[in-house]
Chemist: 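Quick one: this structure, given as structure tokens, is what I'll be asking you about.
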There are 2 protein chains.
Amino acid sequence: MLNLSISTISRALKDHPDISKETREKVQELAATLEYEPNENAVNLRTNNSKEFGVIIPAISNYFYHFFISSLEEEARRYGYSLIILQSGDDPAIEQANVKRCRKARLSGIFISLTSSTEDISEILNLEKVNIPVIFFDKVPPFEACNKVCVGDVHATEIAADTLIKKSKKKILAIFGDKHLSITQARMVAFIDYMQKHHMQKNYNVVHALNPAEAATLLQIAYRSKTKPDAIFCMSDEILTGVMKAVQIEKINVPKDIGIVAISDGFIPQLYYPEITYAETSGYKLGKLAFSRMIACLAGTPFVQNIVAHSVLIPGGSI
Amino acid sequence: MLNLSISTISRALKDHPDISKETREKVQELAATLEYEPNENAVNLRTNNSKEFGVIIPAISNYFYHFFISSLEEEARRYGYSLIILQSGDDPAIEQANVKRCRKARLSGIFISLTSSTEDISEILNLEKVNIPVIFFDKVPPFEACNKVCVGDVHATEIAADTLIKKSKKKILAIFGDKHLSITQARMVAFIDYMQKHHMQKNYNVVHALNPAEAATLLQIAYRSKTKPDAIFCMSDEILTGVMKAVQIEKINVPKDIGIVAISDGFIPQLYYPEITYAETSGYKLGKLAFSRMIACLAGTPFVQNIVAHSVLIPGGSI
DNA sequence: TTACCAACAACAAACGTTTGCGGAAATGTT
DNA sequence: AACATTTCCGCAAACGTTTGTTGTTGGTAA
């Protein structure tokens, strides 16, 4: 329509200096009225870049991930990227397949939280070789040199434990999750160390629950025993919901009979009265951190980094 | 490597009958060992088809959407599709921009739940003209002829209301959300109609709360008044969390003093003891329905359909 | 022998961009 | 006036596929 070649149009649309201001304006104007939109597939083919990030997670239905994704999506939009969600259903085989899909789709980068039973992450690390940055978050591999963004387990545990000490609790029931999860390990070790450091070895009792129901049972048993606990430490939201169920069943008076402190991202604690005091592990914050790390990788930052998000204590009335 | 042309390879890989079995096997074998993966951008460019669905929602952080997305993703994976998540932050302008992005990316179809203030959906309906099927879900436009998949508000409300009647509740406090939301309208009308039909006009009191805190306050005021309610109807999870907060604050005995029934997708009700009896509105089920509707559209089903998911009563101990 | 037909494989165009390079016109320099 | 430089633009290749068409071979039937 303007008697210009395709290449001129292409250049005019992206303000290439070769194109005169006059032509450029004419082209851009016409493009606007025609509602011209470049074909992304063609652009991607040509530039070998998809402007899409993959997000691989065990499952969306989790206290944590939807905050994280939501946060990530906000940032992504600002930078003109889209987010592709892939669930592994906590199955390493599906996870592997999802990683493959990301490679195949030539995504610009991926964010991944591992399943609880992922052993082999070599395929994932291979993505870096085809120039797809990988940011691990939340459930990260233990020792590898890779980009990790995760909750500061030690810090969160410590500030939660600290409130127990400050309140001079002497019979603490500390409930942790599945022993085999690294998150459990990290928090447990941090808890025990911190207690040790403050000469509280005699004042707590560590137990494990695989699900909320088990946590509830554990508390019920402890509460009915002659050595009633005077405080509960909940490693996670999942544990907390179980504990609170028991609190309601046994009509336990919180915080008078038993104080409660948890590590949480904040949604669950405010459902109860009194609201639960917790060390905050914000999926939202983590999303921002992970995204900025991704941007750094895309910009070519060579070294890997292990980012740990710090927590703050959100006081409720539960202790 | 095999001294074959590109076209032969292409055909061999997709079992085209023109290619001899022998060649086909050789090609596929080599492709496998070489871990060849077709470049999706090139395929998409050629076929003008992205194998991606867009999901546009007000926000992920919602009691409902992550179940829906999760369910959708499961199905999508089975069919070889990916899901792109776009949040509108409940802002019609961003929503509009997201719709545009979907068109630009030539997605295979989109699922959309409108923001609470979306007025103009013409742009969205235009997607159908460029052959992108649109499935509205949850927050759907009121009257247009389009594909809608949503919770059966009437049915869910009725089975919840029915349990109130069966238990001969006479002083029901029915708490609904923001009057301006169509979901509130629908459930409120259904509630009032059903009560009318069962000659219960005198036995309930309808109030509105914009958030959990307001719901809590409403219950507290009602509970302290001389006409204490004997049952609460909660339109949604959001209302329910507020109500339960008040229950805890006032130490209300459920179900002895007050019975509670809600409409919910099930996560919140089981956090409490006794667990809350609710009419289930499953995001999971809805996801499956929406997806199968999408598949039907892609297969070329011409007519639109308004699918309504039925609810079931999940009995807890709250009434 | 000729004609015809399968069976197989290659050629080449097309999808819609981006970008290195070369060229023409206009402008500036000696 | 001759040459160099800048400004602007188009040519054409390339990205990696898919697919309609054409070509070759060997076999079979007339």
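Numbers restart at 1 for each chain; the letters A, B, ... are given by sequence-line order, proteins then strands. Everything numeric in this text was worked out from a predicted model, so none of it was measured.
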Chemist: Holding to salt bridge (Lys or Arg N to Asp or Glu O under 4.0 Å), I want the full list of residues that pass it with Glu73(B), two or more places apart in sequence or in another chain.
Modeler: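 Partners of Glu73(B) under the salt bridge (Lys or Arg N to Asp or Glu O under 4.0 Å) test: Arg77(B).
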Chemist: Considering only heavy atoms from C-beta outward, does the side chain of Gln28(B) approach that of Asp15(B) to under 4.5 Å?
Modeler: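 Result yes, sub-4.5 Å side-chain heavy-atom pair found.
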Chemist: If the threshold is 4.0 Å, N to carboxylate O, is there a salt bridge linking Glu40(B) and Lys51(B)?
Modeler: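 Salt bridge absent between Glu40(B) and Lys51(B).
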Chemist: For Glu75(B), enumerate each residue passing the salt bridge (Lys or Arg N to Asp or Glu O under 4.0 Å) test, keeping only those at least two apart in sequence or located in another chain.
Modeler: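 Testing Glu75(B) for salt bridge (Lys or Arg N to Asp or Glu O under 4.0 Å), a comparison that skips the adjacent residues, returns Arg78(B), Lys288(B).
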Chemist: Could you tell me the separation between the CG atom of Asn44(A) and the P atom of dC15(C), rounded to a whole number of Å?
Modeler: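 About 18 Å, once rounded to whole Å.
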Chemist: Using whole Å, report how far NZ of Lys104(A) lies from C1' of dG16(D).
Modeler: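 After rounding, the reported distance stands at 14 Å.
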Chemist: Name every residue in residues 19-39 of chain A that has at least one heavy atom under 4.0 Å from any atom of DNA chain D, in order of residue number, or write none if there are no such residues.
Modeler: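 By residue number: Ile19(A), Ser20(A), Thr23(A).
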Chemist: Stepwise, does the side chain to side chain contact (heavy atoms under 4.5 Å, CB included) test hold for Asp91(B) with Thr115(B)?
Modeler: CA-CA 6 Å; Asp91(B) 175 346; Thr115(B) 75; 5.8 Å; no
Chemist: Whole Å only: how far is the CG atom of Leu45(A) from the C1' atom of dC15(D)?
Modeler: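 Checked: the CG to C1' distance equals 4 Å.
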Chemist: Using the side chain to side chain contact (heavy atoms under 4.5 Å, CB included) criterion, which residues pair with Ser236(B)? Sequence neighbours excluded.
Modeler: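 Side chain to side chain contact (heavy atoms under 4.5 Å, CB included) list for Ser236(B), sorted by chain: Glu238(B), Ile239(B).
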Chemist: Could you check whether Asn3(A) gets within reach of a base, just the sugar-phosphate, or nothing at all, counting any heavy atom under 4.0 Å?
Modeler: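 Touches sugar-phosphate only.
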Chemist: Taking the nucleotide of DNA chain C with the closest heavy atom to each, which residue, Pro17(B) or Thr47(B), is nearer the 5' end?
Modeler: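 Its nearest nucleotide lies further toward 5', so the answer is Pro17(B).
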Chemist: If I take atom NE2 in residue His16(A) and atom P in nucleotide dT17(C), what distance separates them, rounded to the nearest angstrom?
Modeler: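 Taking NE2 of His16(A) and P of dT17(C), I get 17 Å after rounding.
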Chemist: Are any of the side-chain nitrogens in Arg106(B) or Glu52(B) under 4.0 Å away from the carboxylate oxygens of its partner?
Modeler: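 No salt bridge links Arg106(B) with Glu52(B).
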Chemist: What is the distance, to the nearest angstrom, from the CG atom on Asn49(B) to the P atom on dT17(D)?
Modeler: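 In whole Å, dT17(D) P and Asn49(B) CG are 16 Å from each other.
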Chemist: Please state how far atom CG in Leu13(A) lies from atom P in dT19(C), giving the value in whole angstrom units.
Modeler: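 Between P of dT19(C) and CG of Leu13(A): 13 Å.
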Chemist: Give Ile6(A) one of three labels, base, sugar-phosphate or nothing, depending on what nucleic acid heavy atoms sit under 4.0 Å from its own.
Modeler: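 The residue Ile6(A) makes base contact.
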Chemist: Would you tabulate the pairs of protein nitrogen or oxygen atoms and nucleotide nitrogen or oxygen atoms of nucleotides 20-24 of chain D closer than 3.5 angstrom?
Modeler:
unit_1  : atom_1 : unit_2   : atom_2 : d
dG20(D) : N7     : Arg11(B) : NH2    : 3.0
dG20(D) : O6     : Arg11(B) : NH1    : 3.1
dG20(D) : O6     : Arg11(B) : NH2    : 2.6

Chemist: To the nearest Å, give me how far apart CZ (Arg106(A)) and C1' (dG16(D)) are.
Modeler: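 So the two atoms are 9 Å apart, to the nearest Å.
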Chemist: Take Thr8(A) and Ser5(B), find for each the nucleotide of DNA chain C with the closest heavy atom, and name the residue whose nucleotide sits nearer the 5' end.
Modeler: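 Its nearest nucleotide being more 5', the pick is Ser5(B).
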Chemist: Tell me, please, which residues at least two apart from Phe53(A) pass ring pair (Phe, Tyr, Trp, His ring centres under 6.0 Å).
Modeler: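 Residues passing ring pair (Phe, Tyr, Trp, His ring centres under 6.0 Å) with Phe53(A): Tyr81(A), Phe111(A), Phe291(A).
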Chemist: Between Asn41(A) (CG) and dG16(D) (P), how many Å, whole number?
Modeler: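 Roughly 15 Å, once rounded to whole Å.
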Chemist: State, with a plain yes or no, whether a side-chain heavy atom of Val55(A) is found less than 4.5 Å away from one of Leu86(A).
Modeler: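 When only atoms from C-beta onward are counted, Leu86(A) and Val55(A) do not touch, as no gap falls below 4.5 Å.
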